[in-house]
Amino acid sequence: MAKSLDHLKELLGVVSDLGSAAAVLGWDQQTYMPPGGAGSRAMQLATLSRLAHTKFVSKELGEALELAKAEAEGMDPESDEFCLVRKTDRDYQKEVKVPSEWVGEFSRVTALAHQDWEKARAESNFSLFEPRLEKIVSLRREYASFFAPYDHVYDPLLDDFEPGMKAADVKSVFDTLRPRLIALVQAIAERGKPIDDAPLHQSFDEKKQWDFGVEVAKAIGYDFNRGRQDKAAHPFTTGFGTGDIRITTRFDPEFLNTALFGTMHEAGHAMYEQGVDPKLDRTPLATGTSLGMHESQSRMWENLVGRSKEFWSATFPRLQEFFPDQLGETDLGDFYRMINKVERSLIRVEADEATYDLHIMLRFELEISLMDGSLAVKDLPHAWNKKSEEFLGITPPDDADGVLQDIHWSGGMIGYFPTYSLGNLIAAQLWNKINDDIPELEKKIAKAEFGDLLAWLQKNIHRHGAKYEPLDLLKRATGQSLDAEPYLQYLERKFGEIYEL
Ligand code: ZN
């Protein structure tokens with residue numbers, strides 16, 4: 001009888017319930033809550049998060065963990081129990097190192113920083129945000145110091161989002177990625193064959209956009225019996241146990257892509273969470289293993305499936321039925337090119353596949369310099385603009401469309417950005433393996449059959465939840481380490497064909 005393990009699970013179940021309850025409140029906050037609820041909701045969320053944290057780092061849980069560790073010794077290292085103890089121990093050892101004064105100060109500063117950032121962005125004036133960002137950078141350095149010794153001061157930050165990964169790993173794949181992406185985007189620009197995507201910019205009825213999005217989400221495998229979709233200003237996926245994983249979307253009445261690809265993206269995140277083995281519910285294992293692995297799933301469905309020729313050869317006629325006036329006369333091949341239009345643009349969240357990672361690398365390099373002290377916060381806007389010119393060939397006209405565009409730094413989330421690109425890399429590596437294992441995959445997608453693809457992902461990725469760290473899971477699924485080559489080849493092949501390079 002694994003008595004200590006059972007006791008540990010009981011305690012973790014309580015922590016998980018508190019987290020889920022907070023997540024329900026968070027979901028409501030961003031979907032249905034009236035503005036007047038903001039003040040008390042912030043208190044409720046803070047109380048629940050504090051309770052969950054206190055319970056997690058409690059003496060009782062620490063003792064139960066020690067006993068469970070002894071009990072787990074000699075167990076099969078692939079068993080749920082062994083992985084649960086290992087993951088809990090890893091999280092616990094991290095959380096107990098962070099003093100509660102630091103946590104309080106960090107949440108105070110980031111709450112204020114958020115307000116300052118909004119104002120600074122609205123007025124396009126970095127200096128309004130600068131003092132607060134300086135404080136955030138110094139708090140993040142202090143955070144890293146709790147985990148000394150480390151190879152790089154960035155490592156402890158990255159580890160929170162991408163367990164087990166180091167700045168050097170990211171740097172190495174980005175060094176491979178950067179020159180070839182810059183060359184690809186350059187070649188597309190020099191080709192001088194811009195794509196006219198005017199048909200995507202017309203009036204599209206919101207109700208019809210909603211219905212089409214739901215149809216696509218269902219078709220690819222998002223389970224509405226264990227989920228639902230609502231509207232939100234900034235789309236996200238959230239869940240409260242594997243039986244209730246929700247997505248949100250937003251609409252642009254004048255642009256088709258926003259809701260369509262946004263819905264596929266969030267459904268990709270949600271299918272990952274829906275695919276986690278229900279046996280892991282109410283434990284720290286009942287979720288995706290990292291942000292990068294999560295992004296590999298969302299971007300696979302959004303881009304590798306959703307922006308492919310095969311997908312639209314099956315689905316475009318249906319889209320035309322929804323929007324006969326707007327797209328009835330549009331040719332399938334033209335539509336495929338429109339949704340894959342490459343453009344040097346300022347804003348990351350609107351970037352196409354070819355330029356997207358350049359936006360990420362710019363941020364990663366600046367974060368590294370901020371953290372190692374080689375770049376002062378006051379010099380950040382200048383450094384941003386210089387890198388933008390170097391990577392993307394454009395200089396932002398102002399700070400709002402440059403250094404102030406993303407919310408992440410105001411929330412203290414330094415170390416987060418690389419996970420977006422890691423997701424792209426991982427998606428391409430998985431995609432190659434999936435195509436080896438399912439030789440007919442493209443044909444199936446062209447018939448709108450997604451069952452085999454989803455089953456592969458469930459078997460090799462989803463069901464494991466957070467049992468394995470991301471690089472370990474990637475190795476188990478593909479036999480490979482992290483590698484930029486498959487992703488580069490995918491982009492060069494795809495855009496080489498579209499732009500006839
Ligand atoms: Zn995402």
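Note that ligands are numbered from 1 as they come in the structure, with each ligand's atoms numbered from 1 the same way. These figures come from a predicted structure and were not determined experimentally.
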For this session: May I ask you to check whether H462 and Q274 show a side-chain donor-acceptor distance below 3.5 Å?
Result: no
Seminar exercise, completed: Smallest heavy-atom separation, E469 atom then P163 atom, equals OE1-O, 3.9 Å
Exercise. How is the N/O/S atom of E295 that comes nearest to the Zn ion (ligand 1) named?
Worked result: OE1
Exercise. Taking all atoms of both residues into account, what is the closest heavy-atom pair of S296 and L430, and its distance?
Worked result: OG-CD1, 4.0 Å
Problem set entry | Least distance between heavy atoms, V276 atom then L285 atom | CG1-O, 4.2 Å
Problem set entry | Name of whichever N/O/S atom of H269 is nearest to the Zn ion (ligand 1) | NE2
Exercise. Is the Zn ion (ligand 1) under 2.8 Å from any N, O or S atom of H294?
Worked result: no
